[in-house]
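Heads up, the thing below is written out as structure tokens.
Note that this is a predicted model, so its numbers are computed, not measured. Whatever order the structure lists ligands and atoms in, that order sets their numbers, starting from 1. Residue numbers run from 1 in the order of the sequence given.
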Amino acid sequence: MSMRIIGTGSALPEKYVTNNDLAELVDTSDEWIRERTGIAGRHVSTGETVAELAALACGRALADAGRRAEQVELLIVATCSPETGIPSVACQVQSSLGAVNAVAFDLNAACAGFLFALHTAWAYVQSGICRNALIVGAEVLSKLVDWTDRGTCILFGDGAGAVFAEQCDRGGILSFVQHSDGRKGEVLRCDSRALTNPYVRGVMQSPWVKMDGREVFSFAVRQVPTGITEALRQAHLKAEEVEMFVLHQANFRIIEGIARRLGLDADRFPMNLDRVGNMSSASIPVLLDELNRAGRLKEGMKMVLSGFGAGLTWGACVLNWQREC
Ligand code: ACO
């Protein structure tokens with residue numbers, strides 16, 4: 001028993017912010033941002049919430065799969081930027097979709113969140129707990145970013161991507177690996193609330209994303225190829241047999257570095273980060289949706305998905321793209 005993705009969807013906020021727009025806010029330039037990151041622009045929420053974007057992406061994934069909301073049995077939202085601590089974003093999405101039969105919950109593994117949620121759904125489906133799942137990555141990171149810090153505000157974008165997946169007897173997901181290293185948590189951090197109650201008055205350090213860019217860079221280029229190689233070994237495949245590597249869209253130099261370490265041409269690594277920036281857990285499913293709608297995902301093609309980010313967390317999945325049973 002395995003699980004195959006049969007529908008994809010995505011949603012992006014209306015407002016689009018170019019590098020030149022950012023150069024009016026902080027001391028930066030279009031040239032610097034493009035050269036160091038590959039990013040040219042990103043969507044930024046002017047009101048759209050994580051739950052609203054996630055629900056839109058889910059509706060589109062269900063329509064693409066030809067399924068109804070009442071048929072959904074599991075709904076996982078991967079996010080690190082929810083507007084509410086409770087209820088979960090997943091429960092809000094369940095309500096707006098009318099997915100009345102779904103079990104819904106959130107999961108936070110930062111930029112690896114979508115991969116971790118997909119893995120969780122796969123485990124549920126394989127063990128027979130449910131027969132299908134809606135898996136969403138959704139972020140409004142613009143509210144966690146210090147818009148006076150040129151080192152971070154240029155990197156991120158807002159958006160949501162979703163896939164609908166269901167059980168299958170063959171093909172679909174072939175292998176999965178997941179890793180975490182909490183010892184490196186300080187490399188990329190965002191605090192939420194200070195402990196304050198009648199007995200203690202906590203002091204909030206800073207509510208914004210803080211990042212050691214160089215550490216993140218070397219972690220990604222070192223660990224991600226190892227994770228991908230491990231997942232390929234489990235699937236009994238060689239890297240050369242994989243047609244497409246859909247990676248978390250952090251930075252084109254990271255992706256090129258990973259391709260080089262795997263001994264592959266970067267043209268097998270599609271990218272959309274130039275247009276949408278780094279959308280954390282939303283980046284893989286949004287790119288997957290773009291590729292699907294552009295007709296670039298061929299029946300039977302071997303693919304690798306790989307996410308990596310704060311925690312630290314990273315993971316990889318090998319799959320056979322197979323919408324037909
Ligand atoms: N515009 C102009 N200059 C800038 C900017 C900017 N936006 N940001 C930093 N600088 C300056 C710095 O102040 C510094 O100036 P100085 O030499 O006078 O001190 C200089 O540029 C070099 O700064 P570095 O931080 O050393 O620049 P670096 O070459 O490392 O590039 C970057 C920074 C792009 C963040 C890089 O470290 C990187 O890509 N890291 C990966 C981080 C990442 O992708 N994070 C995403 C979130 S995590 C994830 O998704 C996995």
Thr49-Gln92 side chain donor-acceptor pair, cut-off 3.5 Å |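 Note: Thr49 and Gln92 side chains miss the donor-acceptor criterion.
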
Using distance alone, with no hydrogens and no angle criterion, decide if Asn20 and Thr18 have a side-chain donor and acceptor under 3.5 Å apart.
->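 Side-chain D/A pair, Asn20 to Thr18: absent.
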
Select all protein residues for which some heavy-atom-to-ligand 1 distance is less than 4.0 Å, and list them by chain and number.
-> Asp27, Thr28, Trp32, Arg36, Thr37, Cys111, Arg150, Gly151, Ile154, Leu155, Phe156, Leu188, Met211, Gly213, Arg214, Val216, Phe217, His248, Ala250, Asn251, Arg253, Ile254, Asn278, Phe308, Gly309

Between Asp21 and Arg42, does a salt bridge (charged side-chain N to carboxylate O under 4.0 Å, His left out) hold up when you go through it step by step?
-> CA-CA 11 Å; Asp21 294 331; Arg42 71 288 290 147; over 6 Å; no

Heavy-atom distance under 4.5 Å between the side chains of Asp106 and Thr79, does that happen here?
->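 A side-chain contact exists here, since the closest heavy-atom pair is under 4.5 Å.
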
Pairs flagged by side chain to side chain donor-acceptor pair (under 3.5 Å) wherever residues 216-242 is involved - sequence neighbours left out |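 The answer is His179-Glu230.
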
Interatomic spacing from CD1 in Ile86 to SG in Cys91 - rounded to 0.5 Å =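 Between Ile86 CD1 and Cys91 SG, I get 11.0 Å after rounding to 0.5 Å.
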
